[in-house]
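To start, the structure itself, in structure tokens.
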Protein chains: 2
Amino acid sequence: MSPARGFPPSEYRARVARAQAMMADVGLDALLLTTEPGVRYFTGFLTRFWESPTRPWFLVVPARGDPVAVIPEIGTHLMRQCWLKDIRSFASPEPGTRGLALLRDTLNELVPGGRIGVPSGPESHLRLPLADWAQLQPGLTFSGDAEILARLRQIKSPAEVAKITEACAIAGRAFDRLPEIAAPGVPLEQVFRRFQMLCLDEGADWVPYLAGATGPGGYGDVISPATPAPLRHGDVLMLDTGLTHDGYFCDFNRNFALGPPDAQLQAAHARLIEATRAGFDIARPAHTHADLYRAMSRVLTPGQGAPGRLGHGLGMELTEGPSLVAWEETPLSPGMVLTLEPVLPLPSGALLVHEENILITEGAPQWLSPPAAPEIPVLGA
Amino acid sequence: MSPARGFPPSEYRARVARAQAMMADVGLDALLLTTEPGVRYFTGFLTRFWESPTRPWFLVVPARGDPVAVIPEIGTHLMRQCWLKDIRSFASPEPGTRGLALLRDTLNELVPGGRIGVPSGPESHLRLPLADWAQLQPGLTFSGDAEILARLRQIKSPAEVAKITEACAIAGRAFDRLPEIAAPGVPLEQVFRRFQMLCLDEGADWVPYLAGATGPGGYGDVISPATPAPLRHGDVLMLDTGLTHDGYFCDFNRNFALGPPDAQLQAAHARLIEATRAGFDIARPAHTHADLYRAMSRVLTPGQGAPGRLGHGLGMELTEGPSLVAWEETPLSPGMVLTLEPVLPLPSGALLVHEENILITEGAPQWLSPPAAPEIPVLGA
């Protein structure tokens with residue numbers, strides 16, 4: 001049984017209250033949000049229409065009172081189904097800048113002379129043409145948002161965790177069915193296509209992310225699209241999916257041996273699982289993100305740091321902060337959802353990568369993805 | 001038979017040469033690109049990894065010489081498979097700003113003291129945290145890109161048109177199979193899921209966009225996600241998909257009557273097709289985008305302007321400029337790919353919307369989507 005769609009208004013009110021407390025701490029009078037996760041976090045506005053770059057969307061979260069949406073007319077019907085009461089709209093596209101003018105008027109009305117925080121730090125961007133941003137400056141005072149949006153999103157509510165859990169379960173069932181569609185001789189691009197179909201068949205709303213790779217014992221990267229090349233007996237196949245359920249992602253992968261694995265591949269896979277478990281075992285609030293990196297790194301590349309990051313936050317986006325890297329001393333907190341993503345560099349120069357999703361609690365962590373066994377699964381044995 | 005994947009280096013060299021000619025015209029010494037379509041347009045770098053907001057990506061196109069990629073290490077393996085020779089990489093994420101420093105060094109080396117154009121106009125954004133953008137300013141001279149990237153992308157090469165044509169054909173076959181999955185009583189969210197599976201089964205690489213709606217005679221908007229509500233006998237169902245083939249989109253929709261349509265729905269659908277054909281009939285280089293808007297508007301809402309835009313460009317993104325609106329006097333040019341998207345406001349306050357994709361040529365336009373007949377198709381008759 002899937003969790004109920006959406007969230008009750010109380011969830012959004014709690015988010016706004018937390019944001020407002022943080023705004024008070026840092027002396028911000030409002031937040032201005034322009035991106036999909038920013039707008040959706042406080043409103044529940046869920047649409048794939050962000051795929052169109054044509055129109056700007058604005059949400060103002062004042063330091064007191066409810067958020068105000070300043071959006072293109074095409075979005076008002078859907079936004080009215082959200083909990084927000086104050087929805088202001090403008091024609092878009094349009095030859096002039098009435099949208100910017102409406103935003104300016106709204107800011108001047110809600111927080112006259114106020115300091116307006118705009119997400120400006122890692123993993124953020126402004127979804128507005130730079131020319132429009134320049135035009136918006138005179139008479140308004142913008143600054144960074146002191147990472148308020150990112151910090152809020154790091155801690156997931158139980159209702160958010162339920163959605164991520166559902167996304168993980170869907171992907172887990174799709175991976176279990178991989179033998180239906182993948183075997184030596186099948187072109188990788190067909191595997192990509194059929195795997196997305198399995199994800200949808202198992203209940204995904206959407207499959208925004210799929211990467212994969214194949215090669216002897218490992219692969220050159222983990223971000224490539226499919227090729228028409230057929231899978232080869234003796235190679236390893238990796239698929240990594242970020243599918244969504246009700247706007248929340250999973251992000252984990254599986255490696256498969258194409259035919260019986262040799263001892264090197266078996267050992268490499270077992271090492272990845274050992275590293276994952278080393279991270280999992282200490283994934284409690286007493287530790288930091290760097291502790292997890294170090295615990296995994298010690299298994300992967302003893303005596304030296306592992307390359308890149310070994311995991312990251314996960315939720316409304318495929319990847320969120322903080323990263324599992326050596327310098328990230330942010331402590332783990334209950335409600336954080338993380339990926340554990342050990343990367344094993346191989347003597348050949350190739351990589352083998354594994355990924356699982358976990359929830360940090362007050363005590364022991366919880367697996368959200370079904371954790372893989374040390375033995376690499378075999379396709380077409 | 002699908003067109004070959006990717007493009008030959010000559011395609012990218014021609015794009016760079018056109019960009020450089022335009023840079024010379026406006027006195028720009030380089031372009032700095034940070035978004036997926038900007039980087040891909042000049043390199044062919046195709047990955048879904050842009051779904052992760054963690055890392056910045058840069059491409060510098062100097063006024064003379066080949067482009068230079070300044071990218072995170074995780075992308076070098078894939079970028080080396082593209083035609084670019086000069087690929088510079090940085091560790092990311094990282095605690096400092098070595099990526100920004102590498103970009104700065106690259107710009108200072110390639111175009112010392114030069115004027116660097118950054119896309120800043122409609123439908124653009126900067127994919128870089130604002131704090132990083134501020135840090136990049138001292139000692140470098142940035143300006144808008146004089147719409148060079150947008151103007152280049154408006155005119156598709158024959159190889160680009162072949163990919164869009166293939167995407168349209170795939171979606172056309174998926175729409176033809178809709179009776180397999182949709183009928184009165186089926187939940188809309190199941191239709192969404194199964195329709196994406198049909199798109200993949202027919203050959204889509206990915207289904208980034210799907211919207212749809214249902215209601216009596218029309219619907220409230222065209223951007224909503226699915227709901228669990230079952231389709232109702234007597235209602236109309238609209239599905240609108242933007243699927244991709246090799247990184248190029250289609251964007252068209254279909255309306256279906258759920259059971260025999262009443263006279264109003266039949267007439268409304270026929271009017272949409274009439275409006276589409278009115279646009280199609282004059283879609284030649286002698287006319288402007290506004291001419292198409294007016295021709296369609298006259299059929300839809302005689303004596304007054306139609307609400308919103310009635311179409312747009314299409315290609316590497318679901319929606320591109322220019323828009324079909326009353327004030328867009330840009331002339332049509334051979335190689336433009338457009339959507340014709342008439343919107344019919346109904347007396348009930350609801351809408352009925354149709355959409356097709358066409359190619360502008362030297363002479364008569366070509367349908368890229370299989371044009372719908374005036375008679376609305378019926379599901380579950």
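Quick note on labels: first sequence line is chain A, next is B, and so on, each numbered from 1.
Counting heavy-atom pairs closer than 4.5 Å to chain A, the top residue among B:Cys199, B:Gly203, B:Ala134 is B:Gly203.
The contact between A:Glu317 and chain B is made entirely by side chain atoms (from C-beta outward), counting heavy-atom distances below 4.5 Å. With a threshold of 4.5 angstrom between heavy atoms, A:Ser124 approaches chain B through its backbone and through its side chain. B:Ser52 touches chain A through backbone and side chain together, each having a heavy atom under 4.5 Å away. Interface remark: A:Glu328 contributes no atoms to any contact with chain B (heavy atom separation under 4.5 Å). Contact of A:Leu128 with chain B is made through the backbone alone, with heavy-atom distances under 4.5 Å. Interface remark: A:Asp201 contributes backbone and side-chain atoms alike to the contact with chain B (heavy atom separation under 4.5 Å). Both the backbone and the side chain of A:Leu210 come within contact range of chain B, with heavy atoms under 4.5 Å apart. Heavy atoms of B:Glu189 lying under 4.5 Å from chain A belong exclusively to its side chain. Heavy-atom distances place no part of A:Phe192 under 4.5 Å from chain B, backbone and side chain included. Both the backbone and the side chain of A:Asp205 come within contact range of chain B, with heavy atoms under 4.5 Å apart. For a residue to count as touching a neighbouring chain, one of its non-hydrogen atoms must lie under 4.5 Å from one of that chain's; by this rule A:Trp327 touches chain B with the side chain only. If you measure heavy-atom distances from B:Ile74 to chain A, the contacts under 4.5 Å come from both the backbone and the side chain.
Contact between B:Glu51 and A:Tyr209 at its shortest, heavy atoms only, is CB-CD1, 4.1 Å. Residues A:Pro119 and B:Leu130 come closest through the heavy atom pair O-CD1, 4.3 Å. Across B:Pro129 and A:Pro122, no two heavy atoms sit closer than the pair CG-CA, 4.3 Å. Annotation for B:Arg48 and A:Val207: closest pair NH1-O, 3.0 Å, computed over non-hydrogen atoms.
In this structure, CZ on A:Arg55 lies 7.0 Å from OG on B:Ser323, to the nearest 0.5 angstrom.
Using a 4.5 Å cut-off on side-chain heavy atoms (C-beta onward), A:Pro225 and B:Asp246 make no contact.
None of A:Ile223, A:Thr319, A:Val222 except one satisfies the side-chain contact (heavy atoms from CB on, under 4.5 Å) rule with B:Phe49; the exception is A:Ile223.
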Please report the C-alpha distance between B:Asp221 and A:Thr47 in whole Å, then the side-chain angles of each, then the deciding distance to 0.1 Å, and finally whether the side-chain contact (heavy atoms from CB on, under 4.5 Å) criterion is met.
CA-CA 11 Å; B:Asp221 73 49; A:Thr47 168; over 6 Å; no
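Side-chain N or O atoms of B:Arg193 include one that pairs as donor or acceptor with a backbone N or O of A:Ala204 at under 3.5 Å. Remark: side-chain polar atoms of A:Arg127 are not paired, donor with acceptor, to backbone N or O of B:His125 under 3.5 angstrom. A donor-acceptor pair under 3.5 Å is absent between the side-chain atoms of B:Trp133 and the main chain of A:Ser120, judged by distance alone.
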